[in-house]
Amino acid sequence: MSKELSKTRNIGISAHIDSGKTTLTERILFYCDKIHKIEEVKGGGAGATMDHMELEREKGITITSAATTVQWDGAFDGGIPYAEGDQKNIKINIIDTPGHVDFTVEVERSLRVLDGAILVICSVAGVQSQSITVDRQMRRYRVPRLAFLNKMDRMGANAFNGVKALREKLNHNAVLMQLPIGYEDEFKGIIDLIKMKAYYFHGENGEEIETADIPADMLDQAQEHREAMLDTISEFSDEMMEMLLDGKDIPEAMIHEAVKIGAQSLKMTPVFLGSAFKNKGVQLLIDAVARYLPSPVSCEKPTAKKEVAGKEEKITLQPEDSLPLVCMAFKITDEQFGQLTYTRIYQGKINKGDTVINTRTKKRVRVGRLVRMHANDRENIESAGAGDIIAMIGVDCASGDTFVGDDAWANVSCEGIHVPIPVIELSVKAKDKDGQARMSKGLQRFRKEDPTFHLFTDEESGETRIAGMGELHLEIYVERLKREYKVEAEVGAPQVNYRETIRQPAKFDYLHKKQTGGSGQFGHVIGEVRPLTTEKKEKEDQIFKFNNNIKGGSIPNEFIGACEKGFQDVMDKGPLAAFPVINVEVDLNDGRYHDVDSSDMAFRIASRQAMRQAIRNASPVILEPYMKVEVESPDEFQGFVIGDLSSRRGIIQASESTETGDAIINALVPLSEMFGYATVLRSGSAGKAGYTMEFAEYRECPPNIQENVMKARAEKLAKDE
């Protein structure tokens with residue numbers, strides 16, 4: 001293990017849209033001497049460093065995650081006691097992720113490869129809908145995090161409400177590590193509850209840090225919060241708990257160690273605060289990243305799947321340069337000079353010019369160039385080792401592919417990235433043949449880069465259709481076609497991605513027997529289909545489960561795979577309106593075969609027909625996507641918002657008023673009712689309300705809606721014929 005590796009931090013910065021992630025990242029780059037001038041996300045300048053796309057700068061939002069690397073020497077001269085020894089020169093690989101839910105896969109694949117994260121919370125709005133989604137993603141990949149209560153300078157900012165929301169809405173064991181000196185316009189500085197010192201940030205960009213005694217009028221409050229903090233932290237150190245009970249002073253190093261244990265075990269979330277925009281508190285947050293978040297050495301060791309004799313077993317990867325290479329491509333972009341593949345190295349070392357094996361395709365590829373990314377800029381490097389995040393140029397692969405450097409490891413693959421299903425689709429058409437070719441090229445590139453962007457040709461109509469996570473998601477890609485490929489695309493009306501499922505179990509017993517000249521076909525399958533419940537799912541996004549209960553060889557093993565494929569074939573088109581079927585579990589319990597006439601094809605056809613019959617008898621129903629909608633509006637328009645959402649078949653889940661006189665309304669609303677909502681909300685609230693929306697779940701359509709959907713679908717299919 002290299003000493004250098006213990007000084008590396010791989011972190012992501014994630015939050016609800018407009019919480020200040022990119023602004024915070026810009027300050028981190030400045031204080032780490034990576035940039036020499038701070039640019040803002042919105043406002044006339046060159047734009048924030050990490051928002052390098054023209055569209056990002058125009059819209060003031062992050063669309064694609066961006067990576068960079070910085071060096072940190074501590075906020076104060078003389079160094080600070082970091083978690084793994086008294087170190088300086090901490091290398092921090094940072095990924096700034098989008099906040100808008102339509103680009104949630106960017107957060108998903110970034111967190112998959114990171115060792116720690118900063119969860120940015122707006123200290124005015126508190127925990128918002130996308131904060132909950134991001135937190136769920138962090139839990140999925142077991143990523144330790146620090147919370148940063150941003151925007152302490154804004155009207156309505158409240159650190160204690162922020163901590164309360166973290167505890168109540170996210171179930172975090174949140175511990176306030178600092179206190180603000182003043183609020184809103186009066187926000188002047190920060191009290192560190194470990195050192196019991198006050199810090200003020202001066203200079204044009206807050207780069208000069210003044211250390212002072214705690215203001216006299218805040219001393220009692222600081223002492224009270226320090227005791228509460230120590231009480232919580234002591235759960236992670238028996239020695240510290242004993243010293244507290246004995247009334248002894250706790251050494252600073254012991255407190256840091258306990259916080260590190262709590263944070264890295266995911267049992268505690270240290271909470272820091274500041275204002276990135278006003279350049280206050282950011283340096284202390286970077287210190288906390290260095291002290292408390294894990295290095296590739298101290299983080300929970302990643303695992304991979306290894307196939308041995310047809311069975312999968314888990315292996316643990318070790319962050320050692322001397323071991324065989326194992327790395328994962330977590331994000332790809334197609335560029336002028338070839339594909340840029342963002343890669344996390346889990347084990348071993350990679351050198352420019354090496355030949356590596358893609359364990360999915362089993363193909364060998366040569367690594368032409370290795371680069372270290374800084375937003376859109378890149379620096380050529382000769383090699384990179386375990387724990388590093390770099391990019392390879394010119395290596396053709398898909399997002400989520402595993403690369404190894406040794407034939408003996410060619411059966412190893414890193415566990416994949418959770419990809420949400422698209423809920424909205426629309427048709428796109430170029431105006432001429434030249435445009436059609438360019439559009440096809442652009443769409444193929446987007447599909448390769450973004451696993452949540454789906455591209456397909458409608459079998460009945462022959463039109464090109466694209467599907468994604470929301471209206472903004474698809475709107476961005478249509479705009480990119482126009483800018484990057486000079487294609488003026490004609491866009492059809494958005495369509496909802498309905499699904500079908502079953503409501504009750506149904507048995508099947510189907511014999512496929514065909515006797516013509518030559519060999520015949522014989523396959524007999526007996527079993528049951530039933531709804532696949534959440535409890536029985538083996539993974540979060542599973543929609544089909546097959547159980548082989550054949551005993552005594554009534555169907556030979558070599559035909560079981562064909563049976564499973566036959567059952568799965570029917571999942572593409574349901575019986576009601578030819579929408580894909582989801583959440584079905586199939587038991588294959590018995591059957592018969594013929595020594596001569598049975599074949600893979602015979603059993604596949606038998607299973608297909610059996611499945612069709614069973615689904616028809618299992619009370620099929622159409623499902624529609626429901627969206628989690630959060631509306632933030634002045635209190636005076638709360639009645640209008642709730643009434644309008646209810647008229648859209650919305651289910652109001654919560655409504656609360658903030659201290660600033662705003663109302664936050666949370667509801668579940670069918671996606672089909674949300675088209676054009678932005679315009680209605682704007683006009684009904686004098687332009688003062690805003691909303692966010694993300695996919696929540698599929699729910700049964702009411703009978704009248706189901707009837708309309710089936711009728712519209714039948715008309716479309718008839719027209720396409």
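Just so you know, residue 1 is the first one in the sequence shown, and it goes up from there.
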J.: Q495 and E425: side-chain donor and acceptor closer than 3.5 Å?
T.: no

J.: Ignoring hydrogens and angles, tell me if any N or O in the side chain of K362 forms a donor-acceptor pair with the backbone of A410 under 3.5 Å.
T.: yes

J.: Report yes or no: does E490 contribute a side-chain atom to a donor-acceptor pair with the main-chain N or O of V428 at less than 3.5 Å?
T.: no

J.: Could you give all pairs that pass the salt bridge (Lys or Arg N to Asp or Glu O under 4.0 Å) test and reach residues 296-305, with sequence neighbours left out?
T.: R142-E300

J.: Show the nearest heavy-atom pair for residues A67 and I95, with the distance to one decimal.
T.: CB-CG1, 4.2 Å

J.: Evaluate the criterion side-chain contact (heavy atoms from CB on, under 4.5 Å) for residue pair I121 and N150; output intermediate values, then yes/no.
T.: CA-CA 6 Å; I121 302 288; N150 195 19; over 6 Å; no

J.: Do you know the tightest heavy-atom contact between R9 and L293?
T.: NE-O, 3.2 Å

J.: Calculate, to the nearest 0.5 Å, the distance between atoms CG and CD1 belonging to N351 and I381 respectively.
T.: 10.0 Å

J.: Please answer whether the main-chain N or O of L114 pairs with a side-chain N or O of N10 as donor and acceptor at a distance below 3.5 Å.
T.: no

J.: Do D115 and P296 have side chains that get closer than 4.5 Å, going by heavy atoms?
T.: yes

J.: Looking at D354 and R364, does any basic side-chain N land under 4.0 Å from a carboxylate oxygen?
T.: no

J.: Which residues pass the ring pair (Phe, Tyr, Trp, His ring centres under 6.0 Å) test with Y141, sequence neighbours left out?
T.: none

J.: Indicate the atoms forming the closest heavy-atom contact of G400 with M328, along with that distance.
T.: CA-CE, 3.9 Å

J.: Within the 4.5 Å heavy-atom criterion, are F567 and F546 side-chain neighbours or not?
T.: yes

J.: Closer than 4.0 angstrom, basic N to acidic O: yes or no for E108 and R112?
T.: no

J.: State, yes or no, whether a side-chain contact exists between K349 and L323 at a heavy-atom distance under 4.5 Å.
T.: no

J.: Are any of the side-chain heavy atoms of L266 and M138 separated by less than 4.5 Å?
T.: no

J.: If you round to the nearest 0.5 Å, how far is CD of E585 from CZ of F544?
T.: 9.5 Å

J.: So, taking the atom named CE in M693 and the one named CE in M627, what distance separates them when rounded to the nearest 0.5 Å?
T.: 4.5 Å

J.: Could you go through E500 and K573, starting from their C-alpha distance and side-chain angles, then the distance that decides it, and tell me whether this counts as salt bridge (Lys or Arg N to Asp or Glu O under 4.0 Å)?
T.: CA-CA 8 Å; E500 298 184 29; K573 282 187 177 180; over 6 Å; no

J.: Under 4.5 Å between any side-chain heavy atoms of I28 and C32, yes or no?
T.: yes

J.: Does the side chain of C414 reach to within under 4.5 Å of the side chain of P302, using non-hydrogen atoms?
T.: no

J.: Can you list the residues that meet the ring pair (Phe, Tyr, Trp, His ring centres under 6.0 Å) rule with Y485, with sequence neighbours excluded?
T.: none

J.: Testing the basics here: between R465 and S427, what is the closest heavy-atom pair and its distance to 0.1 Å?
T.: NH1-CB, 3.5 Å

J.: To the nearest 0.5 Å, tell me how far E624 CD sits from N497 CG.
T.: 12.5 Å

J.: Could you check D396 against K448 for salt bridge (Lys or Arg N to Asp or Glu O under 4.0 Å), going step by step and ending with a plain yes or no?
T.: CA-CA 10 Å; D396 189 38; K448 193 176 180 185; 2.6 Å; yes

J.: Please step through side-chain hydrogen bond (donor to acceptor under 3.5 Å, both in side chains) for the pair E694 and T133, ending with a clear verdict.
T.: CA-CA 9 Å; E694 66 176 298; T133 303; 2.5 Å; yes

J.: Centre-to-centre under 6.0 Å for F453 and Y477, is that the case here?
T.: yes

J.: If we count only N and O atoms by modelled type, under 3.5 Å, do the side chains of T457 and E463 hold a donor and an acceptor together?
T.: no

J.: Evaluate the criterion side-chain contact (heavy atoms from CB on, under 4.5 Å) for residue pair T343 and I389; output intermediate values, then yes/no.
T.: CA-CA 6 Å; T343 308; I389 294 175; over 6 Å; no

J.: For the residue pair K537 / N583, report whether a side-chain donor-acceptor contact shorter than 3.5 Å exists.
T.: yes

J.: Verify, without hydrogens or angle tests, whether S399 (side chain) and F330 (backbone) share a donor-acceptor contact under 3.5 angstrom.
T.: yes

J.: Using atom types as modelled and distance alone, determine if a side-chain donor or acceptor of T68 lies under 3.5 Å from a backbone N or O of I94.
T.: no

J.: Would D388 and K91 pass as an ion pair if we require N to O under 4.0 Å?
T.: yes

J.: Counting distance only, does the side-chain N/O of K545 pair as donor-acceptor with the main-chain N or O of K536 below 3.5 Å?
T.: yes

J.: Which heavy atom in P494 sits nearest to a heavy atom in E471, and how many Å separate them?
T.: CG-OE2, 4.4 Å

J.: For the side chain of Q347 and the backbone of P324, is there at least one donor-acceptor N/O pair under 3.5 Å apart?
T.: yes

J.: Taking T69's backbone N and O only, do any of them form a donor-acceptor pair with N93's side chain (distance below 3.5 Å, no angle check)?
T.: no

J.: Specify the closest pair of heavy atoms between T501 and I582, including all atoms of both residues, with the distance to one decimal.
T.: OG1-O, 2.7 Å

J.: Do T402 and C327 have side chains that get closer than 4.5 Å, going by heavy atoms?
T.: no

J.: Quick one: pull up CG in L317 and CH2 in W409 and give me the separation to the nearest 0.5 Å.
T.: 6.5 Å

J.: Please walk me through it: do L340 and I332 pass side-chain contact (heavy atoms from CB on, under 4.5 Å)?
T.: CA-CA 6 Å; L340 186 68; I332 59 177; over 6 Å; no

J.: Quick test of your reading of the model: are R360 and D401 salt-bridged, counting only N-O distances below 4.0 Å?
T.: yes

J.: Would you say Q339's side chain and T341's backbone share a donor-acceptor pair under 3.5 angstrom?
T.: no

J.: Just by distance, do the side chain of K486 and the backbone of R483 share a donor-acceptor pair under 3.5 Å?
T.: yes

J.: Can you list the steps and then say if L474 with I466 is a side-chain contact (heavy atoms from CB on, under 4.5 Å)?
T.: CA-CA 8 Å; L474 298 184; I466 56 176; 4.2 Å; yes

J.: If I take atom CD from residue E697 and atom OG1 from residue T534, how far apart are they, to the nearest 0.5 angstrom?
T.: 9.0 Å

J.: Give me each pair satisfying side chain to side chain donor-acceptor pair (under 3.5 Å) with a member in residues 434-444, each pair once, sequence neighbours excluded.
T.: Q444-R447

J.: List the residues meeting ring pair (Phe, Tyr, Trp, His ring centres under 6.0 Å) with Y498, not counting sequence neighbours, and say none if there are none.
T.: F579

J.: Quick check: do Y691 and V629 have side-chain heavy atoms less than 4.5 Å from each other?
T.: yes

J.: Got a sec, which residues hit salt bridge (Lys or Arg N to Asp or Glu O under 4.0 Å) with K314, two or more places apart in sequence or on another chain?
T.: E415

